[in-house]
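Below is one structure, written out as structure tokens, with a few remarks after it.
In this text, all values refer to a predicted model and were calculated from it rather than measured experimentally.
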Amino acid sequence: MPELVTIGVFARAARLSPKALRRYDELGVLPPAAVDGESGYRYYDPAQLERARLIAWLRRLGMPLPRIREVCELPSGEAAEAVAAYWEQVRAETAARGELAAFLVEHLRGSGGSSGAEPAAVLGLRYAARSESGLVRTSNEDTAYAGRGLLAVADGMGGAGGDLASAAAVDALKPLQALAVPAGELLGALAAAVEDADRAIGDIAAATPTGAAGTTLTALLWSGSRLGLVHIGDSRAYLVRGGELHRITHDHTYVQSLVDAGRLTEEEAGSHPQRALLVRALSGSGVARPDLSLHRAEAGDRYVLCSDGLSAVVGEGELRAAVVGGGGPEEVLDALLALAYGVGAPDNVACVVADVEGLDGAAGRPAAPAGAGAGAGSWARAGAERPGHDAAAGR
């Protein structure tokens, strides 16, 4: 039987306060080895020092105590992966907050600008959206939507409730189009809508035989030349600008966390047996943590949103060739779906293609052709309501 030490002695050895140790005990993070039945005094085993020091290090990282408790129960290898995944999440969230801070600085500096400032560019969208079941699946759990200032893709999961979950996630965002959300409120509006979506998915999950349902969600909400991006899961958003393709989302998958930690290459990740294992998604749990970021749109930009039914089977080189070339949204969408079907389309495929166009402010129409005829997809003024021109697919 090891000799136990008092809470004071253990606190000094672990460089923690007795108050912190009592808190860790209450939360089940570091229970004492024994408690005096009469006095309630706590005693610790010196062998617990290693766990106590790990807890202290994780607290310095800012990791919340419930998550620390989970990490401490893992074998060392899995614990290392969990810490790497947490830190990648912190980095992504910090980057998003940095973008928000930059936007706020610019917004506040510009709010007192002179009346002689250049007027903001008036932008519009030409878009197309489609969701198909592919060649293998017998049902379609993906949803794709393009409408009055909102582009969205959601990839449902969970069998019986997957299609309902993906539709509910997109439906929760649609009302934002009619609210004319100011650019400074985009991220807050998106965050609130995602909370509504997660609650709806919780109700859907509760009604399924397995008690589970979930979905990814990647969406862009427009306000003038600003757009807010909300993203959770492994659906993707790409930007084509100046002839270059840029991915503007980060996959929330186990395999991506290994790539971020330097344990896998991108090439190895593509064939990893757990490449589809998500670490973040909307599941009705109430703890969804989507990435939120602000971006500035420019005339000539092209945005492509897709589920992994496209991105997981079509190489980035082929995708780049399809979206950087000529043609309007409908033609590009046809080309992307053809690529997925060309390699067997083993999963549902959801995709949205949208082109940003400068508008003639007086007429409210494209100032110049964008390489597509008038029938190539629907058109809408970004951030403005234009009834009758929504394109939606799914369910």
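- Cluster annotation: Leu220 is not connected to Tyr238 through the hydrophobic network of ILVMFWY side chains, with a link wherever side-chain heavy atoms come within less than 4.5 Å.
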Evaluate side-chain contact (heavy atoms from CB on, under 4.5 Å) for Trp87 paired with Val90, printing each intermediate quantity in order.
-> CA-CA 5 Å; Trp87 190 243; Val90 171; 3.8 Å; yes

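- A donor-acceptor pair under 3.5 Å is absent between the side-chain atoms of Arg236 and the main chain of Ile248, judged by distance alone.
- Of all the heavy atoms in Ile55 and Cys72, the pair that sits closest is CG1-SG, 3.8 Å.
- Side-chain atoms of Thr218 and Ser235 include no donor-acceptor pair closer than 3.5 Å.
- Separating the CG atom in Asp251 from the CZ atom in Arg280 is a distance of 11.0 Å, to the nearest 0.5 Å.
- Linking Ile, Leu, Val, Met, Phe, Trp and Tyr whenever their side-chain heavy atoms come within less than 4.5 Å puts Leu336 and Val314 in one cluster.
- Counting heavy atoms from C-beta outward, Leu258 and Glu81 have side chains that approach closer than 4.5 Å.
- Under 4.0 Å is where a charged nitrogen must lie from a carboxylate oxygen, and between Asp36 and Arg42 no such pair does.
- Side chain of Gln256 to backbone of Thr253: no donor-acceptor contact under 3.5 angstrom is found.
- The minimum heavy-atom distance linking Leu310 with Ala340 is given by the pair CD1-CB, 4.1 Å.
- Here the closest heavy-atom approach between residue Leu339 and residue Ala322 is recorded as CD1-CB, 4.0 Å.
- The backbone N or O of Glu141 sits less than 3.5 Å from a side-chain atom of Ser166, completing a donor-acceptor pair.
- Rounding to the nearest 0.5 Å places CG of Leu227 at 8.5 Å from CG of Asp301.
- Linking Ile, Leu, Val, Met, Phe, Trp and Tyr residues whenever their side-chain heavy atoms come within less than 4.5 Å places Leu54 and Leu61 in a single cluster.
- Leu282 contributes atom CG, which lies 11.5 Å from atom CG of Asp155 (distance to the nearest 0.5 angstrom).
- In this structure, Tyr43 and Ile7 have side chains that are not in contact, with every pair of non-hydrogen atoms separated by 4.5 Å or more.
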Derivation and outcome, side-chain contact (heavy atoms from CB on, under 4.5 Å), residues Lys174 and Leu150 | CA-CA 7 Å; Lys174 290 180 182 178; Leu150 175 67; 4.2 Å; yes

Can you check side-chain contact (heavy atoms from CB on, under 4.5 Å) on Leu16 and Tyr24, steps first, answer last?
-> CA-CA 11 Å; Leu16 295 168; Tyr24 298 163; 4.1 Å; yes

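- Contact of the Ser133 side chain with the Thr138 side chain is not registered, since no non-hydrogen atoms from C-beta on lie closer than 4.5 Å.
- For Arg67, the CZ atom sits in a packed shell: over 12 heavy atoms of surrounding residues, nucleotides or ligands are nearer than 6.0 Å.
- Contact check for Tyr303 versus Val356: side-chain heavy atoms found under the 4.5 Å cut-off.
- Across all their heavy atoms, Ile232 and His252 have their closest contact at CA-ND1, 3.4 Å.
- Residue pairs meeting the side-chain hydrogen bond (donor to acceptor under 3.5 Å, both in side chains) criterion with at least one member in residues 52-65, sequence neighbours excluded, do not occur.
- Two residues are said to be in side-chain contact when any heavy atoms from C-beta on lie closer than 4.5 Å; Tyr44 and Leu21 meet this criterion.
- Side-chain contact between Leu278 and Thr216 is present, with at least one heavy-atom pair separated by less than 4.5 Å.
- Looking only at distances, a side-chain donor or acceptor of Ser131 sits under 3.5 Å from a matching main-chain atom of Asp142.
- At most 12 non-hydrogen atoms from other residues, nucleotides or ligands lie less than 6.0 angstrom from CZ of Arg15.
- When hydrophobic clusters are built by joining Ile, Leu, Val, Met, Phe, Trp and Tyr residues whose side-chain heavy atoms come closer than 4.5 Å, directly or via intermediates, Leu125 is grouped together with Leu229.
- Comment: Arg126 does not engage Asp355 in a salt bridge, judged by the lack of any side-chain N to carboxylate O separation of less than 4.0 angstrom.
- Residues Val181 and Val170 fall within the same hydrophobic cluster, defined by Ile, Leu, Val, Met, Phe, Trp and Tyr side chains chained together at heavy-atom separations under 4.5 Å.
- A donor-acceptor pair is defined here as one N or O able to donate and one able to accept, closer than 3.5 Å; such a pair exists between the side chain of Asn348 and the backbone of Ser139.
- When every heavy atom of Leu292 is checked against every heavy atom of Ala191, the shortest pair comes out as CD1-CB, 3.8 Å.
- A salt bridge does not link Glu26 to Arg22: none of the charged nitrogens lies less than 4.0 Å from a carboxylate oxygen.
- Closest of all the heavy-atom pairs between Arg69 and Leu27 is NH1-O, 2.7 Å.
- Remark: Arg247 CZ to Leu239 CG distance equals 13.5 Å, nearest 0.5 Å.
- Ionic pairing of Arg302 and Glu357 is not present here: no N-O contact between side-chain nitrogen and carboxylate oxygen is shorter than 4.0 angstrom.
- A donor-acceptor pair under 3.5 Å is formed between the side chain of Ser307 and the backbone N or O of Ala350.
- No donor-acceptor distance shorter than 3.5 angstrom exists from the side chain of Glu3 to the backbone of Pro46, with no hydrogens or angles considered.
- Remark: side-chain polar atoms of His295 are not paired, donor with acceptor, to backbone N or O of Gly228 under 3.5 angstrom.
- When side chains are defined from C-beta on, Arg23 does not count as touching Lys19, because their heavy atoms never get closer than 4.5 Å.
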Does the pair Arg199 and Asp196 meet the rule for a side-chain contact (heavy atoms from CB on, under 4.5 Å), with working shown?
-> CA-CA 5 Å; Arg199 283 190 289 269; Asp196 292 340; 2.4 Å; yes

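- Without hydrogens or angle criteria, Glu331 side chain to Gly328 main chain gives a donor-acceptor distance under 3.5 Å.
- Put simply, the side chain of Tyr86 gets close to the backbone of Met63: a donor and an acceptor are under 3.5 Å apart.
- In this view, Glu132 and Tyr341 satisfy the side chain to side chain donor-acceptor pair (under 3.5 Å) rule, not counting sequence neighbours.
- Note that the CZ atom of Arg226 and the CG atom of Leu294 stand 6.5 Å from one another [nearest 0.5 Å].
- A 4.5 Å side-chain heavy-atom check between Val71 and Leu58 finds at least one atom pair inside the cut-off.
- Atom CH2 of Trp222 and atom CG of Leu186 lie 11.0 Å apart (nearest 0.5 Å).
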